[in-house]
Amino acid sequence: MTTHRPWWRPDGFYVYAVLYLTFIYLPVLFLPLFSFNDSKYIAFPIKGFTLQWYGEMINNPSMLNALGNSVKIGLVVAILSTTFGLLAAKAITRYRLPGRGPIVGFIMIPLVIPEIILGISLLILISLANIPLSLLTVGFAHLLLCIPFSMLVLVSRMEGFDRSMEEAGLDLGENAWMTFWRVTFPIVLPGIVASLLLTFTISFDEFVLAFFLSSIEPTLPVYIWSSLRFPSKLPATLALGATIFLLSFAIVTFAEWVRRRGLRIESTPSI
Amino acid sequence: MRGYTMLSPTFIAMVLGLAMPLVVLFTLSFWLQEYLDFIRTFSFANYFEFFHKPIYRKLLLKSIRISGIVTIATVLLAYPMAYFIAFRIKKNKLVWLILITVPFWTSYLLRVFAWKIMLGYNGVINSGLISLGFISEPLAFLLYNPTSVVITLAHAWAAFAILPIYVSLEKIDRSLLEAARDLGESAWMTFLRVTLPLSLPGVIAASLLVFIPTVGDYVTPSLVGGPRGIMIGNVIQSMFGESQNWPMGAAISVMSMFTVAVIISLFLWGTHSSRKRIA
């Protein structure tokens with residue numbers, strides 16, 4: 001298949017891929033550019049290089065507070081939704097449950113409802129029940145949104161593996177809990193990691209639910225939303241965006257490096 | 001029994017956080033707002049207003065049109081890319097998949113804002129065209145219209161279209177394609193009669209993943225849409241904000257959900273019957 005084409009007649013697919021990547025990258029690349037631009041205004045022409053906005057970012061307690069809130073909610077939501085999802089996924093894949101189809105369909109509903117509808121219906125219920133809005137209400141909403149994603153990831157991982165391994169564990173005298181811990185858990189672990197990462201990311205970047213359900217304590221996206229309306233706050237926000245982006249890039253690269261090392265160790269024959 | 005016990009935490013959370021709120025939303029849509037209180041008597045007044053003021057119907061239809069165009073554009077643009085990664089890339093597929101998702105690690109709000117930088121009065125495109133000497137004055141029509149909403153949404157949701165299509169293409173048994181070629185089909189006919197139908201589940205999933213969230217979006221229209229780019233989500237949001245009319249907002253939400261559900265059912269029914277015809 002690999003034919004060497006002359007440079008003036010490149011493979012159409014490659015040209016398309018490059019154009020497509022340009023389309024999805026180009027707008028996003030201007031964000032870090034303006035975080036180094038020596039001007040309050042996010043507009044051309046570019047003025048000059050400055051690190052001022054990164055300084056403002058570090059010295060902006062309300063922004064860092066919002067970041068802290070988002071990290072807290074993200075961690076709790078990731079752990080809870082993965083736990084719920086793990087239990088539910090085990091129930092669905094390991095037990096015969098009459099009425100399973102409708103139940104699963106019901107749990108997946110948050111995936112097919114526009115978030116604004118989910119947000120306002122929760123807002124109505126919460127205010128009719130006289131519950132004050134707080135980070136807790138945001139976290140609860142994020143949990144609802146994340147459980148279906150956890151379940152999708154974990155069900156597909158659990159369906160993949162051989163039940164007889166669990167049965168062997170039980171036959172060899174382990175109790176149900178130890179079987180789970182020593183057999184099921186290691187096999188499902190990649191699914192658990194994937195679910196934690198996915199749900200943290202969803203919660204961390206979620207804006208609509210947080211917009212309706214937060215009070216004076218903002219999450220990071222709610223803070224960003226307010227800074228989009230006040231141009232003077234914007235460059236520091238862009239600086240934070242660039243920093244978060246670099247951090248997540250580093251984490252993913254590191255995770256991939258660890259995974260590859262793990263694969264190499266697994267594949268070396270043990271004596 | 002143990003199975004139900006394990007399912008119960010999730011189930012209870014969903015009843016509390018999903019079923020009850022939706023019931024309450026539906027109930028509220030039949031109430032009325034009086035200053036800060038609700039009048040809790042059953043009334044069709046909100047639905048009456050929805051059908052008698054053309055603005056609501058117009059905005060709902062416009063939102064569906066915008067989302068429909070976004071969905072078609074996103075899926076059409078994503079398909080060749082997914083095809084490229086699934087069939088042309090032999091090594092390092094994961095690298096390509098990561099390459100596609102990297103831009104989406106930026107906050108959704110900032111990604112939408114990025115298009116203000118691209119299309120704005122002193123933005124990338126205007127400054128570029130001026131410095132190249134094509135125009136002398138910035139073009140004001142680039143931003144704040146339905147087209148800029150479409151472009152921004154198509155960009156923001158690109159990854160959601162590529163991944164499901166890629167997965168369904170990757171699953172296709174390659175020997176089927178070889179069989180089709182051996183039996184004398186051309187490359188193009190093989191694509192139309194084997195690859196495309198087999199990748200349809202991915203295309204359907206991609207369409208729903210893009211269409212459903214974009215119909216209700218109010219972030220993108222309020223950042224890049226301008227007055228002409230307003231969508232139904234903006235109206236719902238304002239009913240729960242500045243306009244302070246929650247029951248009316250609830251009624252608009254119920255009507256929007258109902259309309260979207262009908263459209264999706266028609267779409268699924270249409271794709272299902274066309275697949276049957278092929279098979």
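So that the names make sense, note that chain A is the first sequence line, chain B the second, and so on, each numbered from 1. Here the structure is a predicted model, which is why all the values come from computation and not from measurement.
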Handout entry: Among the listed options A:L234, A:I244, A:L111, the residue most often paired with chain B at heavy-atom distances under 4.5 Å
Key = A:L234
Handout entry: Heavy-atom contact with chain A under 4.5 Å, split by part of B:L208
Key = neither
Practice task
With the side chain counted from C-beta on, respond yes when A:I120 and B:M239 share a heavy-atom pair under 4.5 Å apart, and no when they do not.
Solution key: no
Exercise for the section: State whether the side chain of A:Y20 and the backbone N or O of B:I100 hold a donor-acceptor pair below 3.5 Å, judged by distance alone. Expected result: no
Problem - Heavy-atom pair of closest approach, residues B:M81 and A:A17 - result: SD-CA, 3.6 Å
Handout entry: Parallel, tilted or perpendicular: ring planes of B:W96 versus A:Y14, cut at 30 and 60 degrees
Key = perpendicular
Problem - Most contacts with chain B, counted as non-hydrogen pairs under 4.5 angstrom, among A:L31, A:I113, A:L238 - result: A:L31
Practice task
Could you list the residues that satisfy side chain to side chain contact (heavy atoms under 4.5 Å, CB included) with A:F200, not counting sequence neighbours?
Solution key: A:L75, A:A78, A:F204
Exercise for the section: State whether the side chain of A:Y25 and the backbone N or O of B:L99 hold a donor-acceptor pair below 3.5 Å, judged by distance alone. Expected result: yes
Completion exercise
Checking heavy-atom separations under 4.5 Å from chain B, one finds in residues 91-99 of chain A A:A91, A:I92, A:Y95, A:L97, A:P98
Problem - Smallest separation among heavy atoms of B:M6 and A:L87, with atom names - result: O-CB, 3.4 Å
Exercise for the section: For chain B, find its close neighbours in residues 138-146 of chain A: heavy-atom separation under 4.5 Å, sorted by number, or none. Expected result: A:F140, A:L144
Practice task
To the nearest 0.5 angstrom, please state how far the CZ atom of A:F84 sits from the OG1 atom of B:T10.
Solution key: 6.0 Å
Exercise for the section: Give me the contact list for residues 217-224 of chain B versus chain A, heavy atoms only, anything under 4.5 Å, ordered by residue number. Expected result: B:Y218, B:V219, B:S222, B:L223
Practice task
For each of A:F30, A:Y16, A:F211, tally heavy-atom pairs with chain B at distances under 4.5 Å, and name the one with the top tally.
Solution key: A:Y16
Exercise for the section: Determine yes or no for a side-chain-to-main-chain donor-acceptor pair under 3.5 angstrom, with A:D205 supplying the side chain and B:Y108 the backbone. Expected result: yes
Handout entry: Part of B:F38 lying under 4.5 Å from any heavy atom of chain A
Key = side chain
Practice task
For A:I116 and B:G216, work out which heavy atoms get closest and say how close.
Solution key: CG2-O, 3.6 Å
